[in-house]
Structures are given as C-alpha cells and as structure tokens.
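All remarks here apply to the structure that follows.
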Amino acid sequence: MSPAPREAVIALVDCASFYASCERVFDPRLEDRPVVVLSNNDGCVVAMSQEAKVLGVPMGIPWFKLEPVAATQGIVARSSNYELYGSLSARVMEVIGRHAAWQEVYSIDESFISLRGTVEEVIQAGRRIREDVARCTGIPVRVGIAPTKTLAKVALLGVKRSAPLSRVGVCHFGAYSPTQRDTILASIPVTDLWGVAGRLGRRLANLNIHTAADLAAQDPGQMRRRFSVVLERTVRELRGTPCIPLEEEPRQYKDQLIYSRSFSEPVTTTPAMRQVLSIYAQQLASRLRNAGQEARVLTAWASTSPFATDQEPHSPQISAVLPVPTAEPVTIARGSLGLAELIRPGTRYVRAGVVLTDLRPAGQAETLPGLGPPGEGRNLGPTLDAVVARFGVGSVGLGYGGLGTPPSWQMRRAMLSPRATTHWDELVTVRL
Amino acid sequence: MRTRVNDGVVEAGFPSPSQDYTTAEIDLTDHLMPNRASTYLVRARGHSMTGAGIWDGDELVVDRSIRPQHGHVVIAVLDGELTVKRLRIEADRVVLSSENPAYPDIAVPSLSDLRVWGVVTVALHHVSRTS
C-alpha cells in the first residue's frame with residue numbers, strides 16, 4: 001500500500017468575532033456574554049460576539065436604539081479600541097506564521113498560510129495552530145483547509161455554520177468524498193463565495209446560478225467572456241485548481257510612503273506641530289490616492305537638531321493602526337496628530353515626518369458597515385486636491401492645516417476598554 | 001530602538017580593529033520578554049504576594065506561551081477576575097497560594113477546574129519614582 005499523498009494545501013485562519021474576542025482577553029467577565037463593539041463616535045454596532053448574534057442583534061444597529069434594551073438582555077457594549085485590536089492582530093499573525101513556510105496576512109483578522117501533509121496531518125496542524133494562538137494571545141481562531149483559497153474559504157464557512165465542526169474549529173475540504181463535496185457546494189449560496197458580491201450574485205441568479213455547485217459546473221472560459229477573469233478563477237478554484245497564488249511576502253513589509261521635511265523655522269508648540277502634521281498628512285493622502293493605494297499603518301515622528309548643544313535631543317514617535325485601509329485625508333491627519341501631544345513645549349524641533357506602511361491597492365478591503373473613515377464616500381480627498389490645484393497649496397486644508405478645528409474631530413469613545421498593550425498608563429489591573 | 005555599537009565600516013581598505021567585537025547594545029526588551037507575541041504587561045494591585053517580591057503597583061511581565069507548572073507564579077481567572085497567586089500542584093488538589101501570611105490560600109479540586117491566564121515571569125518594581 002502506498003503512503004497517503006502529502007499535498008500542499010492552503011489554510012485560511014480566521015479570528016472568531018475578532019473585536020469582541022479582543023475585548024475578552026483582558027476582561028474574562030465578558031466570556032459567554034453578548035458583546036457588541038461600536039463604530040467611531042459610538043455610532044452603531046460594527047462587530048459582535050456569537051452570543052449577541054444568537055440574541056438577534058442586527059449588525060449596524062445604531063447604539064441609541066440598542067441601548068435601552070441592552071442592559072435587560074445582558075448586552076455589554078464597547079467603543080472600538082483600535083489600538084488594542086491592531087496590537088493583538090499583529091500577535092495573532094505572528095503566531096500563525098510560525099506554523100507555515102508561507103503566510104499572507106489578508107486582513108486584520110484573516111491570514112492564508114500554506115501547509116503540507118496528508119489530510120490527517122494537516123488537520124492536526126490546524127488544531128495545533130488553534131491551540132497555540134489561543135494560548136499565546138487569548139484569541140480564538142478557526143481554520144479552513146483546501147487545495148485553493150476559494151475552497152479554503154468554503155471550508156471555513158463549514159466551521160462557522162456546522163455545530164460539530166465549530167467545536168473542532170478545523171475543517172479540511174479534502175476530508176470529504178467527491179459526493180460529499182458536491183453536497184457542500186450545493187449548500188453554499190454563490191454570494192457567500194470569496195469575491196462574489198451582491199450585484200454579481202444577481203447577474204448570476206439571472207443565469208440560474210445560485211449556489212457554489214452551480215458556479216463550479218460552469219465553463220470557465222465562458223465565465224471569463226461573460227463576466228471577468230476573476231470569476232473564471234473562482235470557477236477553477238472551486239474545481240480544485242489553484243489560480244490565486246499566496247502573496248509570499250506580506251504586503252505590509254513591502255511598500256511605504258514618506259513625507260518628511262525640515263522646517264524653515266523651528267517648531268516649539270503643540271498647536272504649531274498639529275498644523276505641520278495636518279499639512280503633511282494631507283499631502284500624503286493625496287499622493288496615496290494618486291497612486292491608487294490605501295494604507296493601514298501610520299507612523300509620525302519629529303526630531304530636534306542633532307547639532308543643537310543648548311537643549312536635550314528629543315525624537316518623539318507614534319504609530320497607529322488605522323481602522324480600515326484608507327487614503328482618506330481626515331483619518332490620516334487624525335492618526336498623525338497624536339504626535340503633537342508628545343512634544344515638549346519650548347523644545348525646538350527642526351524636522352517631522354509622516355510614514356504610511358502596509359499599503360495595498362484601493363478598494364480591496366471589505367469595510368464593516370459604519371466602520372469606514374468618517375470622510376469616506378464624501379469625495380473629500382479629490383475635492384481638496386481640486387481646490388489646491390486651482391488656488392494653490394495652503395488655499396484650503398484640513399483642520400489644523402487650514403480652516404480651524406471642528407470639535408467633532410474628537411472621537412467619542414465613552415465605553416473604551418483599556419488600551420492595554422500600547423499605553424503604560426492603561427495596563428490592565430490584576431488582583432494580588 | 002536598537003543601536004549598533006559598531007557598524008563595521010571599512011575605510012580605505014583598513015578594517016577597523018574593533019570589527020571583530022561588533023555587537024548590539026543590551027536590549028532590555030529581549031531580556032525581559034523574549035516571546036513578545038505572547039507577552040502581556042499588567043499592573044499588580046494588592047499585597048498578597050509580597051513574599052514573591054511583587055508589590056502593589058508593580059508591572060508584571062506575563063508570558064502566555066509558558067505552560068504553567070508547580071511553583072510558577074500565575075495569573076488565574078477567579079470569578080471573572082485576573083488574580084495573581086503561586087501555583088502549587090499537590091497530590092489531591094491544586095492550591096493557589098498567597099505569599100503573605102495575612103492572606104488565605106485558595107484550593108481548587110484539580111488543574112482542570114482552574115483557568116490559568118498566563119505565567120508571571122518578571123515583576124518590575126520601581127525603587128525611585130522620578131516623575
């Protein structure tokens with residue numbers, strides 16, 4: 001008897017209810033309770049735990065509507081703690097990466113990795129990943145495994161939707177017989193597939209293509225001609241042929257965009273530094289958009305002159321994970337302003353810069369409802385660019401960089417948990 | 001921020017005599033938290049662990065990748081709270097012991113009844129508050 005084949009497969013590792021799970025890491029009282037996480041300014045529900053889903057809390061419901069009944073149903077609400085989520089995401093991704101030769105960090109809570117082995121070996125590897133991530137970080141993850149990315153996502157849907165699989169937390173598409181696979185694909189609406197959005201779904205429905213099985217039965221070449229090469233790939237991947245490669249190097253380490261300048265006169269006050277940062281951030285947002293890209297991570301820094309002998313050198317720096325990848329100028333400006341709070345008033349700073357990293361092509365990220373940047377969809381960036389092009393640099397600007405300071409810029413985060421991994425003064429307290 | 005003591009630049013063909021000694025500055029983070037991805041910092045509040053050298057207000061380094069063993073100082077989940085105690089695994093029970101005679105020990109039937117959140121590896125105790 002020949003040994004079982006040790007095939008290369010793709011695993012999609014995804015964090016279960018990531019934001020709610022992050023809230024639970026430092027607050028065990030939230031375990032088994034319905035937890036909802038609110039958008040910017042505590043506007044509406046953008047994420048929730050499984051318990052809240054079971055209660056029927058609708059995604060996107062405004063908090064003022066949910067608040068009156070929240071207490072009676074035992075629902076706990078938290079403001080979005082982006083600092084915590086970004087920090088825990090980086091930890092989760094690092095631990096996942098230890099288990100694979102290749103890793104693609106796909107979003108804040110999803111990562112593709114490659115594994116090799118028999119079906120049983122790979123399922124065991126999936127279990128080890130789950131155990132390791134839970135132990136090291138406190139975040140529960142689920143693993144969907146298949147020969148292709150598209151089918152790995154299908155396998156993950158199985159973990160989410162089938163009670164027995166959700167207890168195991170790992171599903172390998174290759175563990176099923178061809179007949180069983182057909183049954184699984186026939187149970188998956190085509191719009192649940194990776195990259196098949198609602199509009200495309202309606203066009204497919206007109207052709208009587210309703211399920212993943214229906215789509216898999218189509219002629220790939222015809223799908224390309226009628227729709228796109230993307231849909232052709234989906235058909236091929238549903239049949240088990242890998243067409244969408246793993247991005248071997250994580251994008252976040254590849255590209256960055258920097259805007260840094262020396263000042264004509266030293267900057268010595270917080271308001272002046274805010275103004276500088278607003279202008280730099282706006283410049284960067286414009287460049288980013290012109291390049292058709294979005295950024296997820298922002299770093300801002302300032303420094304004193306290395307030649308000054310009459311003051312202590314000082315080089316403050318901040319990093320922020322933006323709520324979603326964006327080229328939206330308000331978000332980028334706001335992210336960089338925290339640096340102004342770190343300067344020592346009176347000290348003469350001669351240079352500052354803003355750096356955007358983790359760049360990706362625009363429009364790829366799936367934005368949770370309500371969690372998008374506040375200016376998104378209002379065409380703010382292009383409008384500002386058009387005004388500047390016509391009337392010159394400095395004719396219009398954001399906040400501190402131009403038209404004064406709208407008070408609404410202060411984000412409301414009334415139910416914010418401690419930023420326990422990024423702020424010394426917000427460390428979680430343990431009882432002795 | 002890590003600083004290279006010597007970047008080993010070769011000038012005009014003459015290697016720096018100190019090149020063989022190129023090394024990195026001592027890095028406190030590497031020393032105190034070798035497993036960064038699984039390490040969290042928390043603040044201690046209370047007086048039950050003074051015998052273990054943990055004082056009210058100290059910062060604790062917690063490495064969750066370490067499997068808890070007899071004798072480790074651990075953070076356990078008790079009634080939804082994170083609590084610091086010494087883990088003692090005995091023949092017929094598990095004890096979370098205080099290290100201050102004024103505080104009681106807590107017994108649990110077995111290790112499976114206990115949720116350990118992480119193993120405390122270091123207590124950062126400030127001896128001169130300068131700011």
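All chains are named by letter (A, B, ...) in the order of the sequence lines, taking the proteins before the strands, and each is independently numbered beginning at 1. Here the structure is a predicted model, which is why all the values come from computation and not from measurement.
- Atom CD of A:E312 sits in a sparse spot, with 12 or fewer heavy atoms from other residues, nucleotides or ligands closer than 6.0 Å.
- Only the side chain of A:L88 comes within contact range of chain B, judged by heavy atoms closer than 4.5 Å.
- Proximity to chain A involves both the backbone and the side chain of B:I54, based on heavy atoms less than 4.5 angstrom apart.
- Of the residues considered (A:V92, A:D132, A:T429), A:T429 shows the highest number of contacts with chain B, using heavy-atom pairs under 4.5 Å.
- Pairing each heavy atom of A:P28 with each of B:G80, the nearest pair is CD-O, 3.7 Å.
- A distance of 11.5 Å separates OG1 in A:T422 from CG in B:L41, rounded to the nearest 0.5 Å.
- Atom CH2 of A:W301 is surrounded by more than 12 heavy atoms from other residues, nucleotides or ligands within 6.0 Å.
- Contact count against chain A (heavy-atom pairs under 4.5 Å) is highest for B:T39 among B:T39, B:N100, B:T50.
- Counting heavy-atom pairs closer than 4.5 Å to chain A, the top residue among B:E99, B:H47, B:R67 is B:R67.
- Of the two parts of A:V25, the backbone and the side chain both hold a non-hydrogen atom closer than 4.5 Å to a non-hydrogen atom of chain B.
- With a 6.0 Å radius and a threshold of 12 heavy atoms from other residues, nucleotides or ligands, B:D79 has its CG atom at or below the threshold.
- Taking CZ of A:R431 as the start and CD of B:E81 as the end, the distance is 6.0 Å to the nearest 0.5 Å.
- Counted within 6.0 Å of NE2 on B:H31, heavy atoms from surrounding residues, nucleotides or ligands total 12 or fewer; the atom is thus considered open.
- Across all their heavy atoms, A:T137 and B:A37 have their closest contact at CG2-O, 4.2 Å.
- If you measure heavy-atom distances from A:E31 to chain B, the contacts under 4.5 Å come from the side chain alone.
- Your options are B:M49, B:R43, B:E59, B:K85, and the one with the most heavy-atom pairs under 4.5 Å with chain A is B:R43.
- Contacts with chain B were tallied for A:R29, A:M93, A:R91, A:R98; A:R91 has the most, counting heavy-atom pairs under 4.5 Å.
- No side-chain heavy atom of A:L432 sits under 4.5 Å from any side-chain heavy atom of B:D56.
- For chain A, the nearby part of B:V77 is the side chain; its heavy atoms alone come within less than 4.5 Å.
- How far OH of B:Y40 is from OG of A:S87: 7.0 Å, rounded to the nearest 0.5 Å.
- The closest side-chain heavy-atom distance from B:T83 to A:V430 is not below 4.5 Å.
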